[in-house]
Chemist: 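If you scroll down you'll find the structure; I have some questions about it.
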2 protein chains.
Amino acid sequence: MAGIREQKKKQTREAILAAALQLFTRKGYENTSIDELARRAGIGKGTIYSYFQSKSQIFLAFCEEQLEYVYNELAVKSDSRTSLIDQLLTLFMGEFRFINRNKEFGRILMRETVFPKDLTGARSRELDNKYIDLLMPLLKEAQKRGELRTDIEYILVVGHFYALYIMAVSGWYMGRLLTEEDVYMVLESLFSQALQGLAPGRKVEA
Amino acid sequence: MAGIREQKKKQTREAILAAALQLFTRKGYENTSIDELARRAGIGKGTIYSYFQSKSQIFLAFCEEQLEYVYNELAVKSDSRTSLIDQLLTLFMGEFRFINRNKEFGRILMRETVFPKDLTGARSRELDNKYIDLLMPLLKEAQKRGELRTDIEYILVVGHFYALYIMAVSGWYMGRLLTEEDVYMVLESLFSQALQGLAPGRKVEA
DNA sequence: TGGAAAACGTGACCGCGGTCGAATTTAACT
DNA sequence: AGTTAAATTCGACCGCGGTCACGTTTTCCA
């Protein structure tokens, strides 16, 4: 049959990811060597590099799987009866909880996502597009409800909110924000600022 | 005299940084080995590690020196006759030009600054405080001129603008924005959004 | 079915960042 | 000056991520 090779490749790839899940989780990313990973996956060290370009790529693949799950959950939860700001908070805090669960993982993910190397550029773009896909419907609904201006490019709005999320996460990594609640509150404040505007002068309505 | 040792230490430290400046600039960060750095600085490899904790720390020290210069320049240029948004753009684009001049350097700096490891946390906090010190007077003047709300914590305003700057830089690293002009324009749009607010409803005035 | 060719797996090997205890230099005190 | 303790320098050494030439397996076609 045509697929013997293909099947094995898939199996091997999954074996690597499974080994990564175990070892990264138990011993952390930095403390897990490629040698160990290979042994655990039952393959040679060199083989790993015909499935992934680098150690960090293994890690990112692992993260993407996890995030896929998080995103799907959030897509279901999405409740159009609440305000845009609450929806955004739910979305971003969902991802933050993943980061919060493992600081080290999250840092690598965020670093690679926000400031990618040329190599990983394409990857991070994909992740980015997922954000856009997730936020777009929320934004459009918000516009219908009159919560959001209609005269701005979507990409800039998405970028604006995502920027504020990054800032909150950064504050957490820098030790300015200590708990999930701190992050939540700051994020809420920032989102609120973004909607109301930093310039003075009341809105005609809110 | 009391300072023979102190003097030598300072000299050695500077020799390392000088060697770093040369080699990093000529060959790039990743392609410069500690061995090479030590040889160029005329000292042993191990010695370097009694002056810096890691290779990236050498790099950050180097960046901080450079940025110090950039900041001082900007502090002078600060022109209170222009609008807040222009002042912010001048400030952030000043830093961006440094990053733009060397993509690789900038990435490491940004990664370490925005998502620091526990070790480098204190350092990045310092850099952060510099931002606050730089922005604070601008914000206060803007408030006097009526360009900025007076009912928000300064730290959140600084964070808001800084977040947008990070997003623009990120867009550049991801290849969405290609030139300095692209970054400038996006940053301008985002700042404008931040001031006017994303929610609909005109301001009473601008 | 046999045998060449393409794809794949492998672990010895490389250069690197970082460590450590021994060796050397400096400071301090009698 | 002589002696000792402390500070500093040093490079052999370690484990790691990543490479590559070679051996093995799979595919394909005569």
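Here is the naming used below: chain letters follow the sequence lines, and residue numbers restart at 1 for every chain.
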Chemist: Would you kindly give the CZ-to-P distance between B:F52 and C:dG17, to the nearest whole Å?
Modeler: 15 Å
Chemist: Taking all non-hydrogen atoms of both residues into account, name the closest pair between A:I85 and A:S192 and its distance.
Modeler: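 So the minimum-distance heavy-atom pair works out to CD1-N, 3.6 Å.
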Chemist: Starting from C1' on C:dC14, measure out to OH on A:Y49 and report it in whole angstrom.
Modeler: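 Answer to the nearest Å: 13 Å.
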Chemist: If you take all heavy atoms of B:L187 and B:A168, which pair is closest and at what distance?
Modeler: CD1-CB, 3.7 Å
Chemist: When you measure from the side-chain N and O atoms of A:Y51 to the phosphate of C:dC8, is any distance below 4.0 Å, counting only OP1 and OP2?
Modeler: no
Chemist: For the pair made of CD1 in B:I108 and P in C:dG17, what is the distance, rounded to whole Å?
Modeler: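 Taking CD1 of B:I108 and P of C:dG17, I get 12 Å after rounding.
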Chemist: Using a strict cut-off of less than 4.0 Å between a Lys/Arg side-chain nitrogen and an Asp/Glu carboxylate oxygen, indicate whether B:E112 and A:R111 qualify as a salt bridge.
Modeler: yes
Chemist: C:dG15 C1' sits how many Å from B:E30 CD, rounded?
Modeler: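 Rounded to whole Å, this separation is 14 Å.
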Chemist: Using heavy atoms and a sub-4.0 Å distance, could you list which residues of residues 36-47 of chain A are near DNA chain D? By number, please.
Modeler: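 Result for residues 36-47 of chain A: A:K45, sorted by number.
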Chemist: Once you round it to whole Å, what is the distance between C1' of C:dA12 and CG of A:D35?
Modeler: 11 Å
Chemist: Please lay out, stage by stage, how B:V169 and B:V183 fare under the test side-chain contact (heavy atoms from CB on, under 4.5 Å).
Modeler: CA-CA 7 Å; B:V169 173; B:V183 173; 5.6 Å; no
Chemist: Please enumerate all residues that pass salt bridge (charged side-chain N to carboxylate O under 4.0 Å, His left out) together with A:K55, with sequence neighbours excluded.
Modeler: none
Chemist: Measure the spacing between CG of A:L88 and CG of A:L135 and express it to the nearest 0.5 Å.
Modeler: 6.0 Å
Chemist: I need the CD-P distance between A:Q11 and C:dG9, as an integer number of Å.
Modeler: 12 Å
Chemist: For the side chain of B:T12, starting at C-beta, report the closest nucleotide among C:dG18, C:dC16, D:dT9.
Modeler: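 Ranking C:dG18, C:dC16, D:dT9 by closest atom to the B:T12 side chain puts D:dT9 first.
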Chemist: Without decimals, in angstroms, what is the distance between B:F59 CZ and C:dC16 P?
Modeler: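 Rounded to the whole Å, the gap is 18 Å.
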Chemist: What's the CD1-C1' distance between A:I34 and D:dT19, to the nearest Å?
Modeler: 13 Å
Chemist: Can you pull the salt bridge (Lys or Arg N to Asp or Glu O under 4.0 Å) pairs that have at least one residue in residues 170-188 of chain B, sequence neighbours excluded?
Modeler: A:D128-B:R176, B:R97-B:E180
Chemist: From the list D:dG17, C:dC16, C:dG9, which nucleotide is the closest neighbour of the side chain of B:S33?
Modeler: C:dC16
